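What you see is a predicted model; the values in this text were computed from it and never measured. Chain letters run A, B, ... following the sequence lines, proteins first, then strands; residues in each count from 1.
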Number of protein chains: 2
Amino acid sequence: MEKIDNLDRQILEIISQNARIPFKDVAAECGVSRAAIHQRVQRLIDLGVIVGSGYHVNPKSLGYRTCTYVGIKLEKGSMYKAVVAELQNIPEIVECHFTTGPYTMLTKVYACDNEHLMDLLNNRMQEIPGVVATETLISLEQSIKKEIPIRADK
Amino acid sequence: MEKIDNLDRQILEIISQNARIPFKDVAAECGVSRAAIHQRVQRLIDLGVIVGSGYHVNPKSLGYRTCTYVGIKLEKGSMYKAVVAELQNIPEIVECHFTTGPYTMLTKVYACDNEHLMDLLNNRMQEIPGVVATETLISLEQSIKKEIPIRADK
DNA sequence: TTTGAAATCAGTAGCAT
DNA sequence: ATGCTACTGATTTCAAA
């Protein structure tokens with residue numbers, strides 16, 4: 001997109017895996033000065049390539065023992081925006097996509113247990129006007145969880 | 001799980017959204033000293049509540065214009081581990097879950113364009129022994145992308 | 001893009017609650 | 001057991017080249 005070179009990619013590769021690494025270490029690994037890293041990172045933020053940072057929290061530690069994907073079918077696709085507005089109010093929904101395929105939309109939902117999940121499905125999601133059906137895909141085991149790959153060439 | 005109190009939650013709430021915020025600011029917001037934050041964060045790391053950190057990169061900036069979920073049906077559920085091992089080698093696959101519902105497993109895949117996606121599906125994923133069918137749910141728009149909610153009580 | 005100085009911040013230890 | 005103060009060294013920021 002906007003002239004991202006190999007140094008940028010190398011920096012992204014490192015800091016996307018560890019947000020707290022001192023920039024001088026990044027600099028050493030990349031073979032440039034510390035200031036170069038600062039300037040590049042700032043530029044990547046300004047360009048919108050970097051959209052934030054955060055510590056990763058283990059869901060189980062917070063009592064979220066159930067991770068599920070919920071496919072939602074809508075009466076009409078055009079109701080999508082209104083439904084999303086409602087879904088925004090449910091904190092347990094961490095992702096929502098408008099999708100091709102068997103569902104109108106696909107959401108990712110964390111719940112504490114089956115009872116909590118049941119409550120979210122029956123009393124929250126299925127109550128939203130326009131939602132005609134939901135299908136629940138419970139994740140019994142998450143086997144892969146990576147960051148997006150930083151491509152070597154562009 | 002292991003005695004996470006409200007101060008812990010307040011800290012997690014802040015640093016899960018911003019890994020680079022100075023701990024002195026976290027301390028100010030929580031109304032405790034910096035050292036307390038250090039101790040708490042270190043403890044949360046030791047307990048496995050915090051599992052890492054990272055900068056968030058905008059997929060589009062790296063040329064990934066297509067985000068998809070791919071449901072995979074296996075000949076036998078018991079082949080799951082072997083299939084996961086193969087999927088590990090495909091960098092574009094960033095998530096993989098063993099699921100209840102219509103598929104044996106659900107994966108999240110980033111691709112540059114439809115041609116790239118086609119290649120991943122036909123030449124990589126469907127070639128894996130045990131995979132009998134795939135169904136592709138292309139995300140036309142991602143409307144919600146949050147961190148996991150930090151529960152107020154627990 | 002680099003360097004170096006000034007300002008800010010992190011991490012530690014010992015004390016107090 | 002947890003938080004606080006104070007200290008030391010590391011890191012970030014910002015100048016000029």
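Counting heavy atoms from C-beta on, the side chains of Tyr69(A) and Thr107(A) never come closer than 4.5 Å. A 4.5 Å side-chain heavy-atom check between Ile150(B) and Leu62(A) finds at least one atom pair inside the cut-off. When side chains are defined from C-beta on, Ile144(B) counts as touching Lys146(B), because their heavy atoms get closer than 4.5 Å.
Gln42(B) and Asp46(B) share a side-chain donor-acceptor pair at under 3.5 Å.
The minimum heavy-atom distance linking Lys73(B) with Pro102(B) is given by the pair CE-O, 3.2 Å. Counting all heavy atoms, side chain and backbone alike, Leu7(B) lies closest to Cys30(B) at CD1-CB, 3.8 Å. Heavy atoms only, all atoms of each residue included: Leu117(B) and Thr136(B) are closest at CD2-CG2, 4.3 Å.
A sub-4.0 Å separation between OP1 or OP2 of dT12(C) and a side-chain N or O of Arg34(B) is absent. Within the 4.0 Å cut-off from OP1 or OP2 of dG11(C), at least one side-chain nitrogen or oxygen of His38(B) is found.
Legend: salt bridge (charged side-chain N to carboxylate O under 4.0 Å, His left out) pairs involving residues 15-28 of chain A, not counting sequence neighbours: none detected. Screening residues 104-128 of chain B for salt bridge (charged side-chain N to carboxylate O under 4.0 Å, His left out), with sequence neighbours left out, gives Glu95(A)-Lys108(B).
The outermost nucleotides of DNA chain D lying under 4.0 Å from heavy atoms of chain B, listed 5' to 3', are dT2(D) to dT12(D).
Using a 4.0 Å cutoff on non-hydrogen atoms, the parts of residues 11-29 of chain B near DNA chain C are Pro22(B), Phe23(B), Lys24(B), ordered by number.
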Under 3.5 Å, which donor-acceptor pairs link side chains of residues 78-92 of chain B to any protein atom two or more places apart or in another chain?
from     : atom 1 : to        : atom 2 : distance (Å)
Tyr80(B) : OH     : Ser143(A) : OG     : 2.2
Tyr80(B) : OH     : Phe98(B)  : N      : 3.4
Glu92(B) : OE2    : His116(B) : NE2    : 2.9

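One finds the CZ atom of Arg9(A) at 13.5 Å from the CD1 atom of Ile14(A) (value rounded to the nearest 0.5 Å).
Heavy atoms of Ala35(A) sit under 4.0 angstrom from at least one base atom. At a threshold of 4.0 angstrom between heavy atoms, the contacts of Leu7(B) are confined to the sugar-phosphate backbone, with no base atom among them.
Taking atom CD of Gln39(A) as the reference point, atom C1' of dT3(C) lies 12 Å away to the nearest angstrom.
For the helix from dT1(C)-dA17(D) to dT17(C)-dA1(D), the end axes, each set by the C1' atoms of five terminal pairs, are bent relative to each other by 30° (nearest 10°).
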